[in-house]
Colleague: 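This is the structure, below, for whatever I ask next.
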Amino acid sequence: MTLTERQKELDQRYPQWQADTLYQRFCECEKLFGSCNFILQRTGCYSYARTKEIVDTLAANLYLQGVRKGTIAALLCENCSEFVFITFALAKLGAVIVPLNIKLKASELEQAINSLDACVLISPGMPQDGSMHSILTGRDLVISDKGTHELLVWERVKDNRYRYTGQLSGFLTKKPDDLQIPDAKIQADDLAVIFYTNGTTSSPKGVMLSHDNLLRSAYGNVYNRGFQEKRIIMIPIPLFHVYGFIEGLLSVLFVGGSIILQRRYDITETLRLMETFRAQDILAVPQIMMDLFEKDRYASYDLSPLVSCYCSASHCPDEVWNKIRDCLHIKDVITGYGLTESSGAAMQTAPGDCLDILESKVGKILQGGCAGDNRYKGNLIECRIVNPHTGKISPPGQPGELQCRGYTITRGYYKNPASAADKFTDDGWLRTGDIGSFDKDGYFTFQGRMNDTYKYNGENVLTYYIEEIIGRMDHIKNVAVIGLPDRRHGEIGAACVEVDDSAVSKESILDYCKKHLASFQLPSYIIFMKHDDWPVTNTGKIKKNILKQQILTTLNA
């Protein structure tokens with residue numbers, strides 16, 4: 001079926017938008033696809049019907065623990081079935097789930113948990129070894145790489161202290177007799193999830209998203225990509241991030257699809273699972289696709305059912321786009337642009353877009369199908385480009401700050417009204433802090449962060465542009481450009497590069513740059529990086545603030 005035909009089927013299935021909660025959408029899907037697989041994983045698979053039984057049992061037990069509408073519940077959990085059970089059980093009760101990054105250090109977890117005043121905490125550990133208490137006492141939290149630690153339920157008592165109340169496995173299996181949970185009158189506009197941003201350039205903030213924010217965004221993804229019924233998606237990226245949570249977990253609820261989960265990313269296990277469960281789609285960041293192609297790993301597995309790929313979250317080298325189509329024979333390949341504040345994707349390319357678009361654009365404003373609005377030309381949001389110096393709307397083709405408003409935009413930051421006041425205009429536009437422009441066809445070109453520039457002899461230098469140019473050079477796997485203080489020029493550029501050929505030299509990179517960049521854009525330093533040297537977020541984005549400190553420390557040593 002063509003994309004148009006698949007979208008027509010979706011229009012027939014969803015002629016108008018139904019404002020649901022996450023639990024309601026799950027239940028509607030379960031009514032239609034109860035016997036179909038929902039969760040696929042090495043340790044066991046779950047149908048929609050079986051998942052609902054477990055979710056309802058867990059919700060009843062959490063209710064007995066005092067979880068109610070509005071309860072803040074923090075979750076520290078790897079990609080597994082338990083994450084899914086907890087998500088929908090909390091949604092049923094109207095509680096607010098806060099998925100925390102499992103890669104955070106103990107001190108960072110302590111700070112996040114304390115700032116939340118979470119009433120319930122679900123985390124790995126065993127009560128007898130004090131693993132969870134270590135967060136509260138400053139000792140290191142040990143989480144098994146194999147995910148063998150039992151998930152535990154903790155109840156907040158006072159002063160950010162938590163009391164162990166039981167192993168989650170017990171909450172999943174025995175439903176209290178004759179317990180009737182009163183109707184909490186949960187609405188689609190109620191707060192559902194708080195996602196903490198990755199904090200690549202600043203401290204993380206808790207982004208508040210409603211049930212409707214999340215589900216409209218998920219449907220926009222489904223509609224733009226033309227999901228067929230029972231789509232099977234490999235999700236090697238974290239569910240505690242909006243990308244995996246919305247474009248993966250929530251999106252399949254509109255078509256009775258399946259999600260393939262692995263506790264922690266490992267490319268060999270990813271490929272095994274894709275082969276075993278016949279994955280039709282994969283959500284990836286560029287590094288995952290590069291791992292897949294390294295040493296032709298993909299060739300050892302039967303990936304013939306794979307027909308779609310969504311690769312986003314950071315810059316993808318041109319050669320990777322070519323390999324996705326040439327080696328995997330995938331036609332429906334997309335990328336996108338989004339923020340936690342926009343409930344994931346705000347823009348996507350279209351399946352079947354040419355390589356030139358994939359290599360240079362991040363998509364058009366996400367169309368919404370029935371979830372869209374005529375005020376936004378059928379899209380989920382509207383966008384404008386604003387001159388950051390004058391505050392005036394930039395004409396088409398002229399770069400400026402991207403600003404957005406609409407159905408999927410956050411209401412603000414948890415317990416941080418100052419940040420919300422700074423990020424939103426008086427008339428409700430989200431200031432993304434990203435620089436770019438729309439072309440005549442509506443495609444957005446991302447040109448970097450407003451604070452990701454430096455001045456060389458008074459000339460503004462966009463680091464993203466230099467990264468794009470260097471990234472086109474053969475054998476460049478990854479590149480990041482940062483500005484460094486300099487007494488003579490004000491600031492100078494340093495290009496950090498990872499290569500896959502030892503023959504690539506600093507001189508060859510500079511020669512390439514001289515052919516494609518103005519003199520003031522030429523980096524003063526070329527610094528070679530190894531794969532494990534990059535400071536990255538859980539989605540593979542480079543933490544430039546940390547990278548800059550590392551480079552300055554090295555240069556000043």
Side-chain angles (χ1 to χ4, degrees), residues 3 224-225 243 284-290 293 308-328 330-339 342 345-367 379 383-385 394-402 404 432-450 452-453 460-481 493 495 497 509 512-513 515-518 521 523 539-542:
L3 174 63
N224 182 66
R225 302 188 67 198
Y243 185 9
V285 296
Q287 188 60 58
I288 290 175
M289 299 313 295
M290 286 188 276
F293 292 121
S308 297
C309 174
Y310 188 173
C311 185
S312 188
S314 60
H315 175 71
C316 185
D318 294 354
E319 65 181 56
V320 174
W321 293 124
N322 284 295
K323 286 183 176 180
I324 291 173
R325 286 194 167 162
D326 294 344
C327 299
L328 299 179
I330 297 176
K331 293 182 179 180
D332 287 0
V333 185
I334 74 158
T335 190
Y337 164 90
L339 306 160
S342 64
M347 303 177 205
Q348 288 178 353
T349 57
D353 271 345
C354 66
L355 287 173
D356 286 345
I357 290 177
L358 288 170
E359 291 168 359
S360 61
K361 314 291 184 181
V362 292
K364 296 181 179 180
I365 300 172
L366 202 62
Q367 55 187 321
N379 297 324
C383 298
R384 67 184 185 183
I385 303 296
S394 297
Q398 291 296 314
E401 183 189 24
L402 175 69
C404 311
T432 67
D434 289 331
I435 297 293
S437 61
F438 287 99
D439 66 17
K440 61 182 178 59
D441 297 316
Y443 282 94
F444 183 70
T445 298
F446 175 76
Q447 294 177 281
R449 297 282 298 167
M450 287 177 62
D452 197 8
T453 63
N460 284 317
V461 182
L462 282 171
T463 60
Y464 181 83
Y465 177 71
I466 303 173
E467 291 165 356
E468 182 179 341
I469 295 298
I470 296 176
R472 295 174 184 171
M473 185 177 173
D474 291 340
H475 304 297
I476 300 293
K477 291 189 64 177
N478 211 350
V479 56
V481 175
V497 296
I509 295 174
Y512 184 88
C513 289
K515 294 177 182 178
H516 298 91
L517 294 170
Q521 295 172 323
T539 57
K541 292 181 180 178
I542 296 170

Colleague: Can you name the side-chain hydrogen bond (donor to acceptor under 3.5 Å, both in side chains) partners of S394, sequence neighbours left out?
Modeller: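 side-chain hydrogen bond (donor to acceptor under 3.5 Å, both in side chains) list for S394, sorted by chain: empty.
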Colleague: Side chains of F446 and D434: does their closest heavy-atom pair fall under 4.5 Å?
Modeller: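 Side-chain contact under 4.5 Å: yes.
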Colleague: Could you tell me whether the side chain of T335 reaches within less than 4.5 Å of the side chain of C311, counting heavy atoms only?
Modeller: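 C311 does not reach T335 side chain to side chain.
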Colleague: Check D356, V333, I357 against W321 for a side chain to side chain contact (heavy atoms under 4.5 Å, CB included) and give me the one that passes.
Modeller: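 The single option meeting the side chain to side chain contact (heavy atoms under 4.5 Å, CB included) with W321 is V333.
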Colleague: Which heavy atom of T432 sits nearest a heavy atom of C404, and at what distance?
Modeller: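 Closest pair (atom of T432, atom of C404, distance): CG2-SG, 4.0 Å.
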Colleague: Side chains of E359 and N322: does their closest heavy-atom pair fall under 4.5 Å?
Modeller: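 The answer is yes, as the side chains (C-beta and beyond) meet within the 4.5 Å cut-off.
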Colleague: Are I385 and Q398 packed together at the side-chain level, in the sense that at least one heavy-atom pair is separated by less than 4.5 angstrom?
Modeller: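 Sidechains of Q398 and I385: no contact.
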Colleague: Name all residues meeting the side-chain hydrogen bond (donor to acceptor under 3.5 Å, both in side chains) criterion together with R325; count only those two or more places apart in sequence or in a different chain, and write none if there are none.
Modeller: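 Result, side-chain hydrogen bond (donor to acceptor under 3.5 Å, both in side chains) vs R325: none returned.
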Colleague: Heavy-atom distance under 4.5 Å between the side chains of I476 and P317, does that happen here?
Modeller: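 No; the side chains remain at least 4.5 Å from each other.
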Colleague: Tell me whether D332 contacts the main-chain N or O of Y310 through its side chain, where contact means a donor paired with an acceptor under 3.5 Å.
Modeller: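 Side chain of D332 to backbone of Y310, a donor-acceptor pair under 3.5 Å: no, none is there.
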Colleague: In Å, rounded to the nearest 0.5 Å, how long is the span from CD1 of I470 to SG of C513?
Modeller: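 Atom-to-atom, I470:CD1 and C513:SG are 4.0 Å apart.
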Colleague: Working to the nearest 0.5 Å, report the span between CG of N224 and CG of L3.
Modeller: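 Those atoms lie 7.5 Å apart.
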Colleague: Taking only residues two or more places apart in sequence, or in another chain, which ones meet A518 in a side chain to side chain contact (heavy atoms under 4.5 Å, CB included)?
Modeller: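 If we apply the side chain to side chain contact (heavy atoms under 4.5 Å, CB included) test to A518, skipping adjacent residues, the hits are F520, Q521.
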Colleague: Go through the steps for L358 and I324 under the test side chain to side chain contact (heavy atoms under 4.5 Å, CB included), then give the verdict.
Modeller: CA-CA 11 Å; L358 288 170; I324 291 173; over 6 Å; no
Colleague: Shortest non-hydrogen contact from F293 to C327?
Modeller: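 That closest heavy-atom pairing would be CE2-CB, 3.9 Å.
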Colleague: So which heavy atom on R472 is nearest to which on Y512, and how close?
Modeller: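 Heavy atoms only, the tightest pair is CB-OH, 3.5 Å.
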Colleague: Kindly compute the distance separating CD (E468) from NE2 (H516), expressed to the nearest 0.5 Å.
Modeller: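 If we round to the nearest 0.5 Å, E468:CD and H516:NE2 are 11.5 Å apart.
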Colleague: Kindly write out the residues that satisfy side-chain hydrogen bond (donor to acceptor under 3.5 Å, both in side chains) with E467, not counting sequence neighbours, or none if the list is empty.
Modeller: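 side-chain hydrogen bond (donor to acceptor under 3.5 Å, both in side chains) check on E467 returns K544.
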Colleague: In Å and rounded to the nearest 0.5 Å, what is the OG1 to CG distance from T445 to L402?
Modeller: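 One finds 11.5 Å between OG1 of T445 and CG of L402.
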Colleague: How long is the straight-line distance from CD of E401 back to CD1 of I435, given to the nearest 0.5 Å?
Modeller: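 Reported value, rounded in 0.5 Å steps: 6.5 Å.
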Colleague: Taking all atoms of both residues into account, what is the closest heavy-atom pair of A350 and I334, and its distance?
Modeller: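 So the two residues come closest at C-CG2, 3.8 Å.
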Colleague: Decide yes or no for V461 and V481: does some side-chain heavy atom of the first lie under 4.5 Å from some side-chain heavy atom of the second?
Modeller: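 Contact flag for V461/V481 side chains = no.
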Colleague: Yes or no on side chain to side chain contact (heavy atoms under 4.5 Å, CB included) for N379 and Q367, after CA distance, side-chain angles and deciding distance?
Modeller: CA-CA 4 Å; N379 297 324; Q367 55 187 321; 3.7 Å; yes
Colleague: Can K361 and D439 be said to form a salt bridge (Lys or Arg N to Asp or Glu O under 4.0 Å), step by step?
Modeller: CA-CA 10 Å; K361 314 291 184 181; D439 66 17; 3.6 Å; yes
Colleague: Holding to side-chain hydrogen bond (donor to acceptor under 3.5 Å, both in side chains), I want the full list of residues that pass it with H475, two or more places apart in sequence or in another chain.
Modeller: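 For H475 the side-chain hydrogen bond (donor to acceptor under 3.5 Å, both in side chains) partners, ignoring immediate neighbours, are D500.
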Colleague: Please report the shortest heavy-atom distance between Q447 and P399, naming the atom on each side.
Modeller: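 In this case the closest contact between Q447 and P399 is OE1-CB, 3.0 Å.
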Colleague: Roughly how far, to the nearest 0.5 Å, is CZ of R225 from OG1 of T349?
Modeller: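 It comes to 9.0 Å.
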Colleague: Show the nearest heavy-atom pair for residues L517 and P523, with the distance to one decimal.
Modeller: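 Reported closest heavy-atom pair: CD1-CD, 4.5 Å.
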Colleague: Looking at residues at least two apart in the chain, or sitting in another chain, which of them share a ring-ring contact (aromatic ring centres under 6.0 Å, His included) with F444?
Modeller: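 Once residues adjacent in sequence are excluded, the partners of F444 under the ring-ring contact (aromatic ring centres under 6.0 Å, His included) criterion are Y337, F438.
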Colleague: Could you tell me whether the side chain of C316 reaches within less than 4.5 Å of the side chain of M289, counting heavy atoms only?
Modeller: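 In short, these two side chains do not touch, never coming nearer than 4.5 Å.
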